[in-house]
Colleague: 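The following block contains the structure, expressed as structure tokens.
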Number of protein chains: 2
Amino acid sequence: MDLNPRKLRILRAIVDEYILSGAPVGSKVLSQNPSFKLSSATIRNEMADLEDLGYLEQPHTSAGRVPSDKAYRLYVNNMMQRSNLTEDEVKVMSAYCQNKVKGLDAVMRETASVLSNITHYTALVMMPESGTNRLRHLQLVPLAEGYALVVVVTDAGVARDSVIHVPADMGADELDRISRSISQRYYNCRMVEVGERMTREMAMELQERGTFLTDLVDTMESAPGANAHRIALSGANNMLDYPAYSDIDRARQLLAAVEKKDSMYRLLKNAGPFEICVKIGSELGQDIFSDCSLVTATYRIGSMPVGTMGVIGPTRMPYGKVVSVLDYMSKSLGSILTNLLEED
Amino acid sequence: MDLNPRKLRILRAIVDEYILSGAPVGSKVLSQNPSFKLSSATIRNEMADLEDLGYLEQPHTSAGRVPSDKAYRLYVNNMMQRSNLTEDEVKVMSAYCQNKVKGLDAVMRETASVLSNITHYTALVMMPESGTNRLRHLQLVPLAEGYALVVVVTDAGVARDSVIHVPADMGADELDRISRSISQRYYNCRMVEVGERMTREMAMELQERGTFLTDLVDTMESAPGANAHRIALSGANNMLDYPAYSDIDRARQLLAAVEKKDSMYRLLKNAGPFEICVKIGSELGQDIFSDCSLVTATYRIGSMPVGTMGVIGPTRMPYGKVVSVLDYMSKSLGSILTNLLEED
DNA sequence: CTTTAGCACTCCGTTCCTTTGAGTGCTAAT
DNA sequence: ATTAGCACTCAAAGGAACGGAGTGCTAAAG
């Protein structure tokens, strides 16, 4: 089923042209391309073959051909070449977030924003999910009687706030004592360990205090994971640009789909921790995205992959460009995070 | 320029009908309404008058009439009656957020979400801007050398995180000492005061420490104000439902406009701290919203107004319903916040 | 055996025209 | 003052005609 070189060249030209123009491409335009010394008739024959092989589709009998998902797959695997980034693009990407120190949330949001601005598609950035965050500080702040605010600070610089019940007789002093004790005892422990160690080592107190400490452990365990399943989303509107065959209904559905963050999270997660991954149309496994592609890249803290970012747009996106951008941005975000967080 | 009772009745019927159907209303449908014992001809005459007076508009010579902004204004001021909420609606609105204790952010987000779900329009909820938040705790957490994370906890249960520079020689102990000292000294002070008092009372240290303390003061001052200018937005997509005369371009512009949060913030702010306020079309002062209306309500903590929530949708929205919903929700949010925060 | 020129055919998108029907304004009768 | 009646307007929907881009096939040329 392998294609001869000429078929490959033609297929590639078709994909390139279609990505550029968005209109079905006919044999004539290709034959006019000086790099082919073939008549349109010859090209037509080849195109017919390519269609039989499942690489091309015809919207209507008398229209040009459009690449199928299979063609894009081949294109991305074997033909695509990363495009060089323009100076402007590099400038934008390298400038962002560089000079100011910011919270993790802000960094992620800005990353997504830059991504969507440069690509003009919708950008998704998964929060880092390092089980390796280390505890910096725990503070229980008394609220109304029976409630306390739990502030967990990790080296990820994130202070997530949530509220737990505490025994009514537990005063501010007691809460402070506990905070300090836990902070000291588990200082610099990875969050994944803190939970188990607390359950183990504080078994005695655990029983005395009823549910309080177990609640606290739960809260703390989910604290670094509070980032889990969270993503930053930017440029959802860009979805509206795309359906050129635009009926507003489809646009609405797309928008709605994109804004379901947990479903988007799964999409990113499914793409796996590969350096760069491209999922095309049907490969995404969701009808609504059947003519969308998702390009993802994994970013690292130090050498450990901790999250995925991606861009979702029409299948006819300029893959070379998008891949280059994601490659750059994932490394950029990685180094920002690494600088920001890791000085263990 | 006052209208006789019959004109009023007719105008009202037109507005009601148009809000319901969305199509220009003609004289015939009105004459069929049994509550008028008039022929369509008579009604036509009245409608012509109403048009001359600026209450009605004709999309085309031979179409029915459509209410003008002026008509909506009259309607809202004098004719509209709040509609009763359905059981289901009340159930949804009273159930939300009630059983779980959550952070402020989550409460605001859910409020917006409920609002947009019930009304099917776009909901905006301004973060509470009480200058009355009181300091609970300040914690400086050392990060990399020269950086510290500032965690400010107020009785609003919010821990906002931001990073400041600190002198390189300032260690964890020193930071801890400062944290504790400030926390104690200004415990339960209103945040608006903390800033000035610190600048005043710590003038000496201020000079020694260079920019560190001024940075800290800035950060703390903006901490409760970090909520300022922030809004929760929900249901922006619903904008797409609305332009029935839907060209996708206009939809895009609307979406883009709605997602400019600072501009939306100003809109809410401009509506002022009234119990309920309705701005119709041109009254919003933005061309893009010329056929939208904004209904806002103010919510309170205790008896003090601290924020505004609103719903933005087409001018032909069912005002009675929307006003009822906003009235209910603003009170509901108010009591949630009051319970959550105020036990001074 | 491969390539190409030529031709008939298909079908989409556009334009232009007609029809339809809802709605109006005006006039004359009640 | 109200209403019936009528001529008029205009947007929206339907349909015919056309142009054009593109195809598939066949037969000739290389």
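In what follows, chains carry the letters A, B, and so on, assigned in the order in which the sequence lines appear, proteins first and then strands, with residues in each chain numbered from 1.
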Colleague: Going by salt bridge (Lys or Arg N to Asp or Glu O under 4.0 Å), name the pairs with one or both residues in residues 7-27 of chain A, residues two or more places apart or in two chains.
Modeller: A:K7-A:E46, A:K7-A:D49, A:R12-A:D16
Colleague: Where the side chain of A:T298 meets the backbone of A:F274, is there a donor-acceptor pair that is under 3.5 Å apart?
Modeller: yes
Colleague: Between protein and nucleotides 11-30 of chain C, map the contacts as a letter string: B base, S sugar-phosphate only, - none, heavy atoms under 4.0 Å, written 5' to 3'.
Modeller: BS---------BSBBB----
Colleague: Of all residues at least two apart in sequence or in a different chain, which pass the salt bridge (Lys or Arg N to Asp or Glu O under 4.0 Å) check with B:R109?
Modeller: none
Colleague: Which residues, if any, of residues 7-23 of chain B bring a heavy atom under 4.0 Å of DNA chain D?
Modeller: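 Output list: empty, so none.
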Colleague: Rounded to whole angstrom units, what separation is found between the CG atom of A:L38 and the P atom of D:dG30?
Modeller: 17 Å
Colleague: Check each of B:I118, B:V311, B:V278, B:D327 against B:V322 using the side-chain contact (heavy atoms from CB on, under 4.5 Å) test, and report the only one that passes.
Modeller: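 Among B:I118, B:V311, B:V278, B:D327, the one meeting side-chain contact (heavy atoms from CB on, under 4.5 Å) with B:V322 is B:V311.
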Colleague: Identify which one of A:V295, A:L124, A:T296, A:L326 satisfies the side-chain contact (heavy atoms from CB on, under 4.5 Å) criterion when paired with A:M309.
Modeller: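 The residue from A:V295, A:L124, A:T296, A:L326 that satisfies side-chain contact (heavy atoms from CB on, under 4.5 Å) with A:M309 turns out to be A:L326.
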Colleague: For B:P314, does its backbone N or O pair with a side-chain atom of B:S293 as donor and acceptor, under 3.5 Å?
Modeller: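 Side chain of B:S293 to backbone of B:P314: no pair is present.
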Colleague: Take atom CD1 of A:I43 and atom C1' of D:dG22, then tell me their distance rounded to the nearest Å.
Modeller: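 Roughly 13 Å, once rounded to whole Å.
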Colleague: Is the shortest side-chain heavy-atom distance between A:R316 and A:Y72 below 4.5 Å?
Modeller: yes
Colleague: So for the helix from C:dC1-D:dG30 to C:dT30-D:dA1, with five pairs setting each end axis, what is the inter-axis angle to 10°?
Modeller: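 For the helix from C:dC1-D:dG30 to C:dT30-D:dA1, the axes at opposite ends meet at about 10°.
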Colleague: Rounded to whole Å, how long is the line connecting atom NZ of A:K37 with atom C1' of C:dT4?
Modeller: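 Interatomic distance, NZ of A:K37 to C1' of C:dT4: 17 Å.
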Colleague: Does any pair with a residue in residues 274-286 of chain A pass side-chain hydrogen bond (donor to acceptor under 3.5 Å, both in side chains), and if so which ones, sequence neighbours excluded?
Modeller: A:D69-A:S282, A:R73-A:E283, A:E275-A:R300
Colleague: Please check if the side chain of A:S324 supplies one atom and the backbone of A:L85 the other of a donor-acceptor pair under 3.5 Å.
Modeller: no
Colleague: Looking only at side chains, do B:T86 and B:D88 share a donor and an acceptor under 3.5 Å apart?
Modeller: no
